[in-house]
K.L.:
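Once you've had a glance at the structure underneath, I'll fire off some questions.
Lettering follows sequence order; numbering is per chain, from 1.
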There are 2 protein chains.
Amino acid sequence: MSIRQTDLDRIRTLPLFADMTPSVFRDATAGAFLQRFPAGTTLLMEGDPVDFLYVLLDGAVELQGSWKEKEAVLAVLRPVSTFILAAVMLEAPALMSARTLERSEVLMLSGEALRRTTRQDPAFGFAVVQELAGCYRGVVRMVKAHKLRGCLERVANYLLAQSARQGDPHHIVLPYGKRVLASLLGMTPENLSRAFAQLADYGVQVRGPEIHLARPRALERLARPSPLIDNHVKAGPLPIGRAGTESLTTTPGAPPPPAPSGVSAAPRTA
Amino acid sequence: MSIRQTDLDRIRTLPLFADMTPSVFRDATAGAFLQRFPAGTTLLMEGDPVDFLYVLLDGAVELQGSWKEKEAVLAVLRPVSTFILAAVMLEAPALMSARTLERSEVLMLSGEALRRTTRQDPAFGFAVVQELAGCYRGVVRMVKAHKLRGCLERVANYLLAQSARQGDPHHIVLPYGKRVLASLLGMTPENLSRAFAQLADYGVQVRGPEIHLARPRALERLARPSPLIDNHVKAGPLPIGRAGTESLTTTPGAPPPPAPSGVSAAPRTA
DNA sequence: CGTCCGTTTGAGCCTGGTCAATATGAGTGG
DNA sequence: CCACTCATATTGACCAGGCTCAAACGGACG
């Protein structure tokens with residue numbers, strides 16, 4: 001039950017908790033406890049009710065969804081990060097399962113306490129807003145990558161993203177197994193292998209989890225990373241006279257389809 | 001610039017504004033104005049800074065992303081719904097373009113005023129939290145549908161969703177053109193046609209925008225809708241969790257891969 | 001009546017998936 | 001220390017879902 005002070009200190013580094021006053025922080029984390037799990041443990045099954053906000057302090061966790069015997073990894077988390085905040089705030093069942101990939105340390109915070117704090121403390125409320133908004137945009141980026149890019153391009157961009165994150169333009173090490181990576185990128189392990197093989201033409205050399213990028217520029221020309229999809233890319237200076245693309249430009253076409261008679265139920269889109 | 005009282009009344013029906021006190025509501029909507037756009041108007045270009053929260057009062061708007069000459073529709077909105085709330089809260093550039101599909105009425109609310117209200121009024125802050133959490137979960141559902149289902153299955157589930165929404169188990173009318181629908185479902189118009197043809201075996205008869213579902217049960221056996229993907233499906237006997245109120249907004253996002261070594265940039269995943 | 005789109009249909013191709021067999025490597029027990 | 005096992009990766013052959021290109025069809029509108 002007792003958590004070390006150092007563990008609470010670690011989650012204070014998260015934007016979500018960084019600006020809280022000590023007393024509010026104490027309220028929000030009341031009843032929190034730390035748990036250790038071996039690799040391969042399912043922390044949460046999709047469809048389960050969610051009672052806690054999870055904070056990964058050490059190890060690795062994958063979030064996955066499933067349907068009809070099929071499974072897909074939707075995200076892989078590394079410390080320090082929180083997950084299932086949205087379900088906690090809505091008191092709704094989880095949409096994704098959470099599974100440890102390695103031995104992991106997870107801090108569990110009372111959902112009840114967090115909702116109460118969110119409703120009472122405007123500053124924390126706004127922090128939650130920004131957190132959720134960031135998550136939302138993260139998923140939007142994911143959808144765009146999926147619908148707009150082919151397998152090769154997704155792999156190439158993944159390599160560049162890792163390269164940026166790890167700080168070395170020429171060498172990266174895969175943070176988890178290729179099977180997991182393939183599923184995360186929306187492809188089969190076999191195809192990921194083939195993609196790596198194809199990328200040899202662009203200076204990519206794979207040896208186990210170690211990858212050498214001999215010609216990052218060539219890879220970039222293939223990958224064409226965009227600040228609107230890959231959030232590691234900084235927005236470059238836009239070409240000055242954006243050719244014929246002004247906002248509020250009306251383009252011909254788009255015939256008004258007959259409105260469906262049924263009452264539509266207020267869809268919301270951030 | 002003057003807005004009719006009836007327009008403000010309409011947005012009060014949205015969960016986001018429903019519970020606000022009149023005075024807070026007046027603050028939040030200060031400086032709001034109504035605009036009318038013809039069909040095919042680009043309201044917002046991806047990458048643009050976002051100064052307003054948009055509320056669609058009449059007509060239809062598509063949100064789309066693009067990359068390298070390719071475009072994909074990420075969502076189609078119907079009244080009354082809000083969009084780009086996440087970008088407003090983060091003061092970040094838009095990740096999606098917004099384009100009218102028909103002649104539309106759009107209410108524009110000052111982002112500045114909304115952020116101020118969110119920071120000051122805990123009740124409104126919590127409403128924004130719930131809104132964003134719902135949007136996030138909507139996009140997660142979209143990603144799951146995309147990664148786990150094939151084209152045929154996506155179309156079948158779309159038909160069932162529309163059927164539920166429009167209240168008639170045997171007859172639906174497509175709310176927008178098939179070209180747009182195809183892109184929303186992540187396929188080409190040609191393939192959507194073929195999918196409809198294939199679905200004839202399951203009692204689906206298509207005549208223009210009108211679709212007759214002769215054997216909904218057969219279609220359901222193929223589609224296998226799930227409460228964890230399709231938010232119109234009510235949870236089965238087991239789960240106690242309330243059926244949430246999540247939009248069909250699809251925003252799949254790839255959480256930034258965590259830094260394997262050194263300082264981690266606190267990835268967030270709701 | 002003719003034109004213009006959006007949709008449908010057909011033929012061929014190609015990306016990516018499936019199945020099966022073969023390394024490769026880590027962990028275990030003799 | 002080695003043999004065995006199991007999981008992960010890779011490679012190849014084959015298959016199919018989905019895309020592209022091209023043409024024909026149909027309704028809406030002038």
K.L.:
Between dT8(D) atom C1' and L101(A) atom CG, what is the distance in whole Å?
P.N.:
14 Å
K.L.:
Would you please name every residue forming a side chain to side chain donor-acceptor pair (under 3.5 Å) with Q198(A), sequence neighbours left out?
P.N.:
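If we apply the side chain to side chain donor-acceptor pair (under 3.5 Å) test to Q198(A), skipping adjacent residues, there are no hits.
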K.L.:
Separation of E210(A) atom CD from dG25(C) atom P, in whole Å?
P.N.:
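Interatomic distance, CD of E210(A) to P of dG25(C): 13 Å.
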K.L.:
Quick one: closest heavy-atom pair of Y54(B) and L43(B), and the distance?
P.N.:
OH-O, 3.7 Å
K.L.:
Please table the atom pairs, donor to acceptor, closer than 3.5 Å between any side-chain atom in residues 208-219 of chain A and protein atoms at least two apart or in another chain.
P.N.:
{"from": "E210(A)", "atom 1": "OE1", "to": "H171(A)", "atom 2": "NE2", "distance (Å)": "2.8"}
{"from": "H212(A)", "atom 1": "ND1", "to": "H170(A)", "atom 2": "O", "distance (Å)": "3.1"}
{"from": "R215(A)", "atom 1": "NH1", "to": "D201(A)", "atom 2": "O", "distance (Å)": "3.1"}

K.L.:
May I ask you to decide whether E102(A) forms a salt bridge with R78(A), counting only side-chain N to carboxylate O separations under 4.0 Å?
P.N.:
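Yes, E102(A) and R78(A) are salt-bridged.
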K.L.:
Please list each protein N or O that sits under 3.5 Å from an N or O in nucleotides 28-30 of chain D, with the distance.
P.N.:
none

K.L.:
Among all residues two or more places apart in sequence or in another chain, which pass the side chain to side chain donor-acceptor pair (under 3.5 Å) test with E220(A)?
P.N.:
none
K.L.:
Which side-chain N or O atoms in residues 59-69 of chain B pair as donor and acceptor under 3.5 Å with protein atoms at least two apart or in another chain?
P.N.:
{"from": "E62(B)", "atom 1": "OE2", "to": "R99(B)", "atom 2": "NH1", "distance (Å)": "2.8"}
{"from": "S66(B)", "atom 1": "OG", "to": "E46(B)", "atom 2": "OE2", "distance (Å)": "2.3"}
{"from": "W67(B)", "atom 1": "NE1", "to": "R224(A)", "atom 2": "O", "distance (Å)": "2.8"}
{"from": "K68(B)", "atom 1": "NZ", "to": "E153(A)", "atom 2": "OE2", "distance (Å)": "3.4"}

K.L.:
Rounding to an integer number of Å, can you tell me how far R207(B) CZ sits from dG26(D) P?
P.N.:
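Going from CZ in R207(B) over to P in dG26(D) covers 15 Å.
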K.L.:
Just how far, in rounded Å, is P of dT20(D) from CD of E69(B)?
P.N.:
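So the two atoms are 13 Å apart, to the nearest Å.
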K.L.:
When the distance from CD of E102(A) to C1' of dA7(D) is rounded to whole Å, what number comes out?
P.N.:
16 Å
K.L.:
What residues, two or more places apart in sequence or in another chain, satisfy side chain to side chain donor-acceptor pair (under 3.5 Å) together with R10(A)?
P.N.:
none
K.L.:
Could you state the atom-to-atom distance from CZ of R179(A) to P of dC6(D) in whole Å?
P.N.:
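From R179(A) CZ to dC6(D) P: 16 Å.
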K.L.:
Take the C1' atoms of the five end pairs on each side of the helix from dC1(C)-dG30(D) to dG30(C)-dC1(D), derive the two axes, and give their angle rounded to 10 degrees.
P.N.:
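Answer rounded to 10°: the end axes differ by 30°.
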K.L.:
Taking CG from L181(B) and C1' from dG6(C), how many angstroms apart are they, rounded to a whole number?
P.N.:
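My rounded result for the distance is 14 Å.
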K.L.:
Quick one: side chain to side chain donor-acceptor pair (under 3.5 Å) partners of R36(A), sequence neighbours excluded?
P.N.:
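Scan of R36(A) (side chain to side chain donor-acceptor pair (under 3.5 Å), adjacent residues dropped) gives E105(A).
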K.L.:
Go through the structure and list residues passing side-chain contact (heavy atoms from CB on, under 4.5 Å) with R154(A), not counting sequence neighbours.
P.N.:
H146(A), R149(A), C151(A)
K.L.:
Can you sort out the partners of F52(A) under ring-ring contact (aromatic ring centres under 6.0 Å, His included), two or more places apart, ordered by chain and number?
P.N.:
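Expected list: F33(A).
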K.L.:
Which residues pass the salt bridge (charged side-chain N to carboxylate O under 4.0 Å, His left out) test with E190(A), not counting sequence neighbours?
P.N.:
none
K.L.:
Please report the distance, rounded to the nearest Å, between NZ in K178(A) and P in dA26(C).
P.N.:
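Result: 13 Å.
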K.L.:
Write out a two-atom table: protein N or O, nucleotide N or O from nucleotides 14-18 of chain C, distance below 3.5 Å.
P.N.:
{"from": "dG16(C)", "atom 1": "OP1", "to": "C151(A)", "atom 2": "N", "distance (Å)": "2.8"}
{"from": "dG17(C)", "atom 1": "OP2", "to": "N191(A)", "atom 2": "ND2", "distance (Å)": "2.4"}
{"from": "dT18(C)", "atom 1": "O4", "to": "R194(A)", "atom 2": "NH2", "distance (Å)": "3.0"}

